[in-house]
Structures are given as structure tokens and as C-alpha cells.
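One structure below.
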Amino acid sequence: MFERWFARRPPEDNSKEIYRRIVAQARRPEFYAGGGVPDSLDGRFDMLVLHVFLVLHRLKGERGDPACAALTQALADRVAADLDANLREMGAGDLGVGRRVKRMAEALYGRMAAYEAGIDGGEAVLRQAIRRNLFGTIEPNEGQVAAMARYVLAGHGLLAARPAAELARGAIDFPAPEMEGPEGKR
């Protein structure tokens, strides 16, 4: 009888709400209209990856916290499931979905490694990663690349300020995008 009162409960899985916030932020029109990110399948994928990176990078900083570790895994699983579901919705056949999800996962991890190197290496390295990945299919102006670098650094700082317990409860915020226009002006 007492076991049920004192039994450890599994941590809440807040990955659904966090992923919803990531997707909502990645879809903000400012990134595409003023920020110059291509409003295409590739551009939207890259914006999603950028925001997933920001959250996972912050959670990675809490290696000793089991709730953050569980949340990291749940969020990674949710991202993979969403990629799979989106491919199926776009008409990819069962035989091709696994191969495409694998390629998308490789792209995701490659971009995340580039952004991590950018965070660790300074703004110039981050700008190169953003230009190469986020703007890989177009030629942005310097103002657009600089605005995205400022945004990533602001997002990194905002998430870094959150205590681990709040992160585990799903308290994830992003800064407001302040993007440059096509002419490089705000």
C-alpha cells in the first residue's frame, strides 16, 4: 500500500510542448521575409534544425541532471518521429522513408555540429556556419547573416540563463527575431 505513495514517478515528458514551441518559432515569418531565409522545404528544415540545436545544446550542458537527459532523448525522438510523419505526408513511400529520415538526421547532426563549433569559436565562425547551412541555397547579404548570428547568440544566452529545473519542466523561450531586410536594413 505504501509503495504507491512513495514510488518514484517517471519525469514528465515536456518534449511535446517544447517541440511545439520550437516549430512555432522556426515558422515565424520574420525569418523568411526580413531575414532572407528561403521560404522553402530546405529553408524551413534549416530553421527547425537551428532551433532544435539551441535547445539540445542547452540541455547538453546539464549532463548530470537525469530529467534533462530524459528530456533530451524524448525531444530527439519527437524530432525523428515528426520528420518521418512529414515525409509520409508528402507522399514518400514506406521503402524510401527510412533512407530519407537517415539523410535528414545526418544533415541535422552535421548542422548542429557546425552551429556548436560556431558558438564555441566565436561570431565569425558562427556566421560561416549560418551562411553555409541556413542560407545554403541562396546568397544572403551580410546584414542578414549578421542578424541571424545575433539571433542565435541571443537565443543561446537566453536559454543559458534558464535553470535546469525550469528547462526540464519545459520553460523554453526564444528571443524575438530582429531581422535585416533584403537591403540589409532593419
Side-chain angles (χ1 to χ4, degrees), residues 14-40 42-63 65 67-68 71-72 74-76 78-79 82 107-186:
N14 294 308
S15 66
K16 184 176 182 180
E17 176 58 22
I18 291 171
Y19 190 63
R20 185 197 65 74
R21 289 182 187 186
I22 287 171
V23 170
Q25 186 72 8
R27 290 182 178 168
R28 289 192 57 167
E30 298 94 330
F31 294 120
Y32 306 97
V37 175
D39 193 2
S40 64
D42 287 339
R44 288 180 177 263
F45 172 76
D46 282 319
M47 283 305 300
L48 176 70
V49 169
L50 180 68
H51 288 88
V52 167
F53 159 73
L54 285 170
V55 173
L56 290 180
H57 182 73
R58 174 59 182 97
L59 290 170
K60 181 178 148 186
E62 299 297 332
R63 291 191 179 153
D65 186 321
C68 285
L71 181 57
T72 298
L75 186 57
R78 190 166 296 282
V79 170
D82 189 48
L108 184 136
Y109 290 119
R111 284 164 172 77
M112 287 175 53
Y115 294 139
E116 186 160 6
I119 292 287
D120 294 342
E123 190 172 341
V125 177
L126 180 60
R127 284 184 186 201
Q128 289 174 357
I130 288 170
R131 179 180 296 281
R132 187 175 57 251
N133 294 299
L134 195 58
F135 296 109
T137 60
I138 63 162
E139 185 58 41
N141 66 47
E142 287 303 316
Q144 291 167 325
V145 175
M148 282 306 304
R150 284 192 306 271
Y151 173 79
V152 170
L153 293 172
H156 177 263
L158 189 61
L159 289 168
R162 281 273 183 202
E166 290 181 20
L167 292 171
R169 286 193 308 268
I172 302 293
D173 296 314
F174 296 103
E178 295 181 20
M179 300 291 111
E180 303 284 330
E183 300 83 34
K185 300 176 185 166
R186 280 193 213 192

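Starting from 1, each residue takes its place in the sequence as its number. None of the values given here were measured: they were computed from a predicted structure.
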If you round to the nearest 0.5 Å, how far is [atom2] of [Y] from [atom1] of [X]?
X: Arg162; Y: Glu62; atom1: CZ; atom2: CD; value: 13.0 Å
X: Leu48; Y: Arg111; atom1: CG; atom2: CZ; value: 11.0 Å
X: Leu153; Y: Leu54; atom1: CG; atom2: CG; value: 9.5 Å
X: Leu50; Y: Met148; atom1: CG; atom2: CE; value: 5.0 Å
X: His57; Y: His156; atom1: NE2; atom2: NE2; value: 3.5 Å
X: Leu71; Y: Leu167; atom1: CG; atom2: CG; value: 8.0 Å

Basic-acidic side-chain contact under 4.0 Å: Glu142, Arg131: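 Salt bridge: yes.
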If you take all heavy atoms of [X] and [Y], which pair is closest and at what distance?
X: Val37; Y: Phe135; result: N-CE2, 3.6 Å
X: Gln144; Y: Gly36; result: NE2-CA, 3.4 Å
X: Leu159; Y: Arg58; result: O-NE, 2.8 Å
X: Asp65; Y: Ala67; result: OD1-N, 2.8 Å
X: Asn133; Y: Asp46; result: O-OD2, 3.1 Å
X: Met47; Y: His51; result: O-ND1, 2.8 Å

Decide side-chain contact (heavy atoms from CB on, under 4.5 Å) for Val79 and Ile22; before the verdict, give the C-alpha distance in whole Å, the side-chain angles of both, and the deciding distance to 0.1 Å. CA-CA 10 Å; Val79 170; Ile22 287 171; over 6 Å; no
Close side-chain approach of [X] to [Y], heavy-atom, < 4.5 Å:
X: Lys60; Y: Thr72; value: no
X: Tyr115; Y: Val152; value: no
X: Arg150; Y: Glu178; value: no

Using 30° and 60° as the class limits, which term best fits the ring planes of Tyr151 and Phe31: parallel, tilted or perpendicular?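 Aromatic pair Tyr151/Phe31 classed perpendicular.
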Main-chain N/O of Ala33 paired with Asp39 side-chain donor or acceptor, under 3.5 Å: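 No; zero donor-acceptor contacts below 3.5 Å.
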Short question: side chain of Arg21, backbone of Gly170 - any donor-acceptor pair under 3.5 Å?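 Yes, the answer is positive, given that a donor and an acceptor are paired below the 3.5 Å cut-off.
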Among Ile138, Leu134, Thr137, side-chain contact (heavy atoms from CB on, under 4.5 Å) partner for Asp42: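 Considering Ile138, Leu134, Thr137, a side-chain contact (heavy atoms from CB on, under 4.5 Å) with Asp42 is found only for Thr137.
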Check step by step if side-chain contact (heavy atoms from CB on, under 4.5 Å) holds for Tyr19 and Ile172. CA-CA 10 Å; Tyr19 190 63; Ile172 302 293; over 6 Å; no
Within 45 degrees of the axis of the six-membered ring of Tyr32 and under 6.0 Å from its centre: does Arg44 put its NZ or CZ there?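 Judged by the rule, Arg44 and Tyr32 form a cation-pi pair.
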